[in-house]
Structure formats: C-alpha cells, structure tokens
Amino acid sequence: MKDKTTTQEQAGPVKQRFVVLDALRGFALLGIILANFPEFSLWTFQSDAHHMAMPSANIDRVVQALLYFFVDGKFYTLFSLLFGIGFSIIIGNAMSRGADGRRIFYRRMTVLCIIGLAHLLLLWSGDILLLYALMGMLLPLFWKCTDRHLLGWAFFFLLLPVVIDLLRWLTGFSVADIFYQAWWSACDHYGLTEENFGTWLRDGQHYAEMNSFLMQGAVERMWEFVLGNRYFKVLGLFLIGLYIGRRRLYATLPQNRQWLKKVRTIGFALGLPLSFLYMWSSMNGHPWGPVVHSLLYALSVYPMGFAYAALFCLLYLSYEDSRIWTMLAMPGRMALSNYLSQSLCGVILFYGIAFGMGADTSLWMTELWAVGVFLLLSVLSGLWLRYFRFGPLEWIWRMLTYGQRLPLKT
C-alpha cells in the first residue's frame, strides 16, 4: 500500500518561493490588465469614427500610443518567461523528491487546459490559459536539450512568425483565412453584425446573450492565434524561461548583475526606437505592410520585455528591503486567481448583465479602472494570504494535480 504520509510530503509542502519571481509575476499581471481592459470595456471594438466623436478622443489617442509603446506584447512576454521558469522549478522539485516530474507537469497542464477552456467559453473570449496549457505540454520534449540548442530553438520559434508572414504575403495564402470564415459563420449564427458587434455585450441583459458572444469569440480567438502565429511566439518564450529556470539565474541575481545590465542596455537600445516604429505602424494601419509590422513586433516587443525583466531584477537587488516587492508578490503568488478575477471584474464593470459601462467608456478611464481593479485585487490577495497557504484557484489546481485534499489554512 502506498504510504499516505509520503504522498502528502510530495504534494503538500509549498516549494521554496523567490520573492523576485512572485513580484515580477505581480508586475506582469498589472501589464496584462492594462492590455486586456480596453477589450472588456468594448473600446477596442468601436470604430475610429466612434473614437473620434468621444470628448476624450485626444487623450485617448495618447493613451493608445502609450499602450502600443510600453504595454502591447511586453507583459505577456514576461508572463510567458515566468511560465517557462515555473516548469523548470516543478520538474526540478519533483526530481529532488524522486517523483516523476513529467507526469506531475502533464497533470498540471491538463487541469489548466480545462480551466482555460471554461474561462474561454464561460467568461471571456480573450483567454490565454488554454494556449499556455497546450503549448506547455510540449516543454518536456526540450528538457534534455543543451542550453545552446534550447536557445537556438527558442529564437527559431520567435522569428518563425516573420517567415510565415512573409510566405503569406508572397503566396497570398493563409491558413488563418479558414478560421476567419469560420468566425464570420459563427457571427451569422448568433446574429452578430458589424453594426452591433461593439455594443452586444453592453446591451445584453442576460447571460445567454453574453454566452452567444463568447461562443463566436472562441472561434475568433482561434483565428487570432493562427493569424498572429501566437503559438510559436509563446513556445519560444517558454523555452527562454526554461533556460533561465534551468540555470537558476533568478536564484543567483547578485552574481549575474553584470549580465542583467547587458540585457537591460541591449534590450532598451533595440526596443525603445523599434517600439516607437511599431507604435506608429499599429496606429496608422500598418503602412509598411504586414511583413514589416511583424518584424517590428519581433524586434521591439521581445527586447523590451527582456529589458523590463532585467531592470526589474536590478531594482530588486538595489532596493531589496522595499515593501513594494512584497506588495507585488501578493497578487503574483495568486496569479491564476487574480487573472480570472480580472476577467470577472471586467464583466461586472462593462457588460450589460451587471453595470453595463462598456462601449461608451473612454480609453483613459478604462485604464484608470484597470489600475483600480489591480490595486483592489492586490489588497485582497494580501489579506487572503495572511490566513491561507494558496490562492483559492491555486489550491484547487494543486489538489486536482496531486489527486488529494491538501490543507489550505496556514
């Protein structure tokens, strides 16, 4: 008979936590809510004419430019790196206990896949968890790669979207067109048109109407992933995170200070000017063509994301005693619970089944709401973690992974 105590020792103890990783995860959650709330408020779905007719048009355009410059793609880059680091920690911890780390990881990804699918179909069609779970299942295939080969595969996947966009432009053929047609078929089925697309969620008073939007939105999300080659980008970032985690660079920050400074300097030297060009391209309809826009994305977003991470770690080293890290670490320790709570708050604020503020809320006010929600969830996370070992969804996720009930209270 399997020893119950041994099983609980394998599943129960909380792994050693590194404040810098939790704080960086919390920082990434701030960027993610800033990036996602314009869709929740339905501002993204409105026409340019609607935007220009709003009293806040001028300031909204400035905010939009700032989002393209500082936020777009950069924070999901951070989140993806952290996912890869987390994979290395899970495997490493399991191996140190003599457990099968890959089986544990696959069970963990299967549960995340179910959570992501439920999020996609029931709450918000902009879900990223399902993609993370599916791409995460590929990570064990790269575990035995040398560091050199791991980085080689990472940069191959990060640059592959540019090659695909070039071939799409040269041949005029795109697999994404298949998903695009499927999406519009779904829109026709649920009665969505260009005229009511931007107000459907605000005007719907019942969950059934919201769910109709989510069903077509799930198909649209698949189209977006294929059109944007998101799966290759995510996998490439996962592999860089795996490299960082396997070398435990996060645990030896003082010894890697010079390396962090190089990443920060090179990242900003490339990312800042190219992010300006990416911003200009995004706000002016990609005037240099889709291939150049795709290249600008790759050469601006990733360097900036890496520079953010390096600068964050350098600031942590210089001001390690600051309370800001603990404040950011609280939501970071409950990243899954906070990510889904952000979606729930977006629904409550902007959809017709609750307060219905969507479609007519300015972009700058949307982002103000985003910051407010992030601060509220951060405070609630801190209060929760005073009494409990895990976030509520993290606790459920962990129990389903290990197949047993685990203590929640501290």
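Every heavy atom of this structure was used, including side-chain atoms; hydrogens, water molecules and symmetry mates were not. Throughout, numbering of the chain's residues begins at 1 and tracks the sequence.
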For this session: Determine, stepwise, if the pair Gln216 / Ser125 fulfils side chain to side chain contact (heavy atoms under 4.5 Å, CB included).
Result: CA-CA 8 Å; Gln216 65 77 33; Ser125 54; 5.6 Å; no
Seminar exercise, completed: Between the OH atom in Tyr308 and the CE atom in Met304, the distance rounded to the nearest 0.5 Å is 3.5 Å
For this session: For Gln205 and Asp203, indicate whether the former's side chain and the latter's backbone hold a donor-acceptor pair under 3.5 Å.
Result: yes
Exercise. Would you say Phe238 and Phe157 make side-chain contact, with heavy atoms under 4.5 Å?
Worked result: no
Exercise. Can you name the nearest heavy-atom pair linking Ala154 to Gly236, along with the distance?
Worked result: CB-O, 3.5 Å
Problem set entry | Pairwise side-chain contact, Leu274 with Leu296, heavy-atom cut-off 4.5 Å (strictly under) | yes
Exercise. Under 3.5 Å, is there a donor-acceptor pair between the side chain of Tyr207 and the main chain of Leu122?
Worked result: yes
Exercise. If you measure from OH on Tyr106 to CZ on Arg103, what distance do you get to the nearest 0.5 Å?
Worked result: 12.5 Å
For this session: Could you tell me which residues satisfy side-chain contact (heavy atoms from CB on, under 4.5 Å) with Leu385, sequence neighbours excluded, listed by chain and number?
Result: Met330, Arg333, Met334
Exercise. Can you tell if the side chain of Tyr339 reaches within under 4.5 Å of the side chain of Asn36, non-hydrogen atoms only?
Worked result: yes
For this session: Step through the shown structure and confirm whether more than 12 heavy atoms of other residues, nucleotides or ligands are within 6.0 Å of CE on Met52.
Result: no
Exercise. Is the side chain of His51 donor-acceptor paired with the backbone N or O of Trp43 at a distance under 3.5 Å, no angle test?
Worked result: yes
For this session: Flag the pair Arg386 / Leu383 as yes when at least one side-chain heavy-atom distance between them is below 4.5 Å, and no otherwise.
Result: yes
Exercise. Is the number of heavy atoms from other residues, nucleotides or ligands within 6.0 Å of CD (Gln255) greater than 12?
Worked result: yes
For this session: Report yes or no: does Ser185 contribute a side-chain atom to a donor-acceptor pair with the main-chain N or O of Gln181 at less than 3.5 Å?
Result: yes
Exercise. Are Cys313 and Val20 close enough, and set up right, to give a side chain to side chain contact (heavy atoms under 4.5 Å, CB included), and what steps lead you there?
Worked result: CA-CA 7 Å; Cys313 292; Val20 67; 4.1 Å; yes
Exercise. In Å, rounded to the nearest 0.5 Å, how long is the span from CZ of Arg108 to CZ of Phe87?
Worked result: 12.0 Å
Exercise. Is the closest side-chain heavy-atom distance between Met327 and Ser378 below 4.5 Å?
Worked result: no
For this session: Please state whether the rings of Trp153 and Phe156 are parallel, tilted or perpendicular, taking 30° and 60° as the class boundaries.
Result: perpendicular
For this session: Go through the steps to decide whether Leu30 and Phe75 satisfy the test side chain to side chain contact (heavy atoms under 4.5 Å, CB included), and finish with yes or no.
Result: CA-CA 8 Å; Leu30 172 59; Phe75 287 89; 5.8 Å; no
Problem set entry | Expected output: side-chain Lys261 to main-chain Leu311 donor-acceptor under 3.5 Å | no
Exercise. Nearest 0.5 Å, what's the CG-CG distance between Leu299 and Leu270?
Worked result: 7.5 Å
Exercise. Partners of Asn196 by side-chain contact (heavy atoms from CB on, under 4.5 Å), sequence neighbours excluded?
Worked result: Leu192, Thr193, Thr199, Trp200
Seminar exercise, completed: Here the gap from Tyr231 atom OH to Leu160 atom CG, rounded to the nearest 0.5 Å, amounts to 9.0 Å
Exercise. With a 6.0 Å cut-off on ring centres, are Phe225 and Phe179 close enough?
Worked result: no
For this session: Return yes when atom CH2 of Trp183 has more than 12 non-hydrogen atoms of other residues, nucleotides or ligands closer than 6.0 Å, and no otherwise.
Result: yes
Exercise. Okay, side chain of Glu39, backbone of Thr44: is any donor-acceptor separation there less than 3.5 Å?
Worked result: no
Problem set entry | Aromatic plane relationship, Phe276 with Trp280 - under 30° parallel, 30 to 60° tilted, over 60° perpendicular | parallel
Seminar exercise, completed: residues 224-240 vs salt bridge (Lys or Arg N to Asp or Glu O under 4.0 Å), sequence neighbours excluded, gives Arg221-Glu224
Exercise. Under 3.5 Å, is there a donor-acceptor pair between the side chain of Gln46 and the main chain of Leu42?
Worked result: yes
For this session: Using modelled atom types only, decide if a donor and an acceptor are shared between the side chain of Ser88 and the backbone of Ile85 within a distance under 3.5 Å.
Result: yes
Donor-acceptor contacts, no H, no angles, side chain residues 136-148, under 3.5 Å, sequence neighbours left out:
from, atom 1, to, atom 2, distance (Å)
Thr146, OG1, His149, N, 3.2
Thr146, OG1, His149, ND1, 3.3
Asp147, OD1, Arg246, NH2, 2.8
Asp147, OD2, Arg247, NH1, 3.2

For this session: Identify the two heavy atoms, one from Gly271 and one from Pro303, that lie closest to each other, and give their separation to 0.1 Å.
Result: N-CB, 4.1 Å
Problem set entry | Student check: side-chain heavy atoms of Phe390 and Ile396 closer than 4.5 Å | no
Exercise. Quick one: does Asn211's side chain have a donor or acceptor within less than 3.5 Å of a partner on Leu121's backbone?
Worked result: yes
Exercise. How many angstroms lie between atom OG of Ser381 and atom CG of Leu328, to the nearest 0.5 angstrom?
Worked result: 11.0 Å
Seminar exercise, completed: Between Leu21 and Ile89, the two heavy atoms sitting closest are CD1-CD1, 3.9 Å
Quiz: residues 340-366 side-chain donor-acceptor pairs under 3.5 angstrom, not counting sequence neighbours:
from, atom 1, to, atom 2, distance (Å)
Ser341, OG, Ser337, O, 2.6
Gln342, NE2, Leu29, O, 3.3
Ser343, OG, His119, NE2, 2.8
Asp360, OD2, Arg202, NH1, 2.9
Thr361, OG1, Met357, O, 2.4
Ser362, OG, Trp364, NE1, 3.2
Ser362, OG, Met365, N, 3.2
Thr366, OG1, Ser41, OG, 3.1
Thr366, OG1, Ser362, O, 2.8

For this session: Run the ring-centre check on Tyr278 versus Phe69 and record whether the distance is less than 6.0 Å.
Result: no
Exercise. Do Phe37 and Val373 come close enough that some side-chain heavy atom pair is under 4.5 Å?
Worked result: yes
Problem set entry | Minimum-distance pair of heavy atoms, taken over all atoms of Ala298 and Val162 | CB-CG2, 4.1 Å
Exercise. Does a side-chain heavy-atom distance below 4.5 Å link Val111 with Ile114?
Worked result: no
Exercise. Between Tyr132 and Ser80, does a side chain to side chain donor-acceptor pair (under 3.5 Å) hold up when you go through it step by step?
Worked result: CA-CA 8 Å; Tyr132 272 30; Ser80 300; 2.6 Å; yes
Exercise. Is the Phe79 to Tyr76 ring centre distance short of 6.0 Å?
Worked result: no
For this session: Not counting sequence neighbours, which residues clear side-chain contact (heavy atoms from CB on, under 4.5 Å) with Leu227? List them please.
Result: Arg168, Ala176, Trp223
Exercise. Is the CG atom of Asn284 crowded by more than 12 outside heavy atoms at less than 6.0 Å?
Worked result: yes
Exercise. Does the Trp325 side chain pair with the main chain of Asp22, one donor and one acceptor, at a distance under 3.5 Å?
Worked result: no
For this session: Take Leu82 and Leu24 through the test side chain to side chain contact (heavy atoms under 4.5 Å, CB included) and record every step on the way to the result.
Result: CA-CA 8 Å; Leu82 289 163; Leu24 188 55; 4.1 Å; yes
Problem set entry | Test applied, side chain to side chain contact (heavy atoms under 4.5 Å, CB included); reference residue, Leu239; option that passes from Leu151, Leu158, Leu150 | Leu150
